[in-house]
Amino acid sequence: MKFAASQQWTYRTPIGHEQSRIVIGAIATTADNSHIVCFSVLNAPGGDTENPGETVTIPFIPMHETAFAQTVIDLIDRPCDPPADFSPALQAWSEDQRGLSIFTVPFEGSLDRMIALQMAAIVSPPSTD
């Protein structure tokens, strides 16, 4: 596994948000030895159509390692701590009675779009033919 906590990565951002970065806060290992990359997004697009340059911090996203590998582009050789909101979100996620929910689709700058893609993947999973 090439991913580790405190790594900072570039990803396919929307135009105008090229300074947005992903920061890995933790790597979780499941019972079947697959990995979940838990990360934050700094300077993510705010989603406000009236203020397209507005940015936000997304404190916590849990993602299967395969989808994470499809998300990131370049490792930045400058370790970075996740934002303060990451740790409480990680704790709440790890204690969720419903189980560890994770994303299996790549992140491309919009949390709303990623959620829609995840829902579409759940409704219409790829065929195994």
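Just so it is clear, the structure is predicted and the values come from calculations on it, not from any experiment.
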Once rounded to the nearest 0.5 Å, what's the spacing between atom [atom1] of [X] and atom [atom2] of [Y]?
| X | Y | atom1 | atom2 | answer |
| --- | --- | --- | --- | --- |
| Gln19 | Thr10 | CD | OG1 | 10.5 Å |
| His17 | Glu108 | NE2 | CD | 14.0 Å |
| Cys38 | Phe3 | SG | CZ | 13.0 Å |
| Gln91 | Phe86 | CD | CZ | 11.5 Å |

Next on the checklist: Under a 3.5 Å threshold, yes or no: a donor from one side chain and an acceptor from the other, between Ser34 and Glu65?
Outcome noted: no
Item to check | Between Trp9 and Gln7, a side-chain donor and acceptor under 3.5 Å | outcome: yes
Checklist entry - For Thr104 and Gln118, what are the C-alpha separation, side-chain angles and deciding distance, and is it a side-chain hydrogen bond (donor to acceptor under 3.5 Å, both in side chains)? => result CA-CA 7 Å; Thr104 59; Gln118 185 67 54; 3.0 Å; yes
Checklist entry - Should we say atom CG of Asp77 is surrounded by more than 12 heavy atoms from elsewhere, each under 6.0 Å from it? => result no
Checklist entry - How about Ile73: does its CD1 atom have over 12 heavy atoms from other parts shown lying under 6.0 Å from it? => result yes
Closest non-hydrogen atom pair between [X] and [Y], with its separation:
| X | Y | result |
| --- | --- | --- |
| Pro106 | Gln70 | CG-OE1, 3.5 Å |
| Gln8 | Arg21 | OE1-CG, 3.7 Å |
| Glu18 | Thr13 | CA-OG1, 3.5 Å |
| Pro82 | Gly25 | CG-CA, 3.9 Å |
| Ile27 | Ala5 | CG1-N, 4.5 Å |
| Phe39 | Val41 | CE1-CG2, 3.8 Å |

Could you state whether [X] and [Y] fall into the same hydrophobic cluster, counting links through intermediate Ile, Leu, Val, Met, Phe, Trp or Tyr residues with side-chain heavy atoms under 4.5 angstrom apart?
| X | Y | value |
| --- | --- | --- |
| Leu75 | Val23 | no |
| Phe68 | Ile58 | yes |
| Ile76 | Ile61 | no |
| Leu42 | Ile24 | no |

Checklist entry - Which is it for Ile22 and Thr71 under the side-chain contact (heavy atoms from CB on, under 4.5 Å) test, yes or no, and what are the steps along the way? => result CA-CA 10 Å; Ile22 286 175; Thr71 296; 3.7 Å; yes
Checklist entry - Could you walk me through whether Thr30 and Ile36 pass the side-chain contact (heavy atoms from CB on, under 4.5 Å) check? => result CA-CA 8 Å; Thr30 64; Ile36 301 167; 3.6 Å; yes
Next on the checklist: Tell me whether the rings of Tyr11 and Phe107 are parallel (<30°), tilted (30 to 60°) or perpendicular (>60°).
Outcome noted: tilted
Checklist entry - Between Trp93 (side chain) and Pro62 (backbone), is there a donor-acceptor pair under 3.5 Å? => result no
Checklist entry - Within the distance-only criterion (no hydrogens, no angle test), does the side chain of Thr55 pair as donor or acceptor with the backbone N or O of Asn43 below 3.5 angstrom? => result no
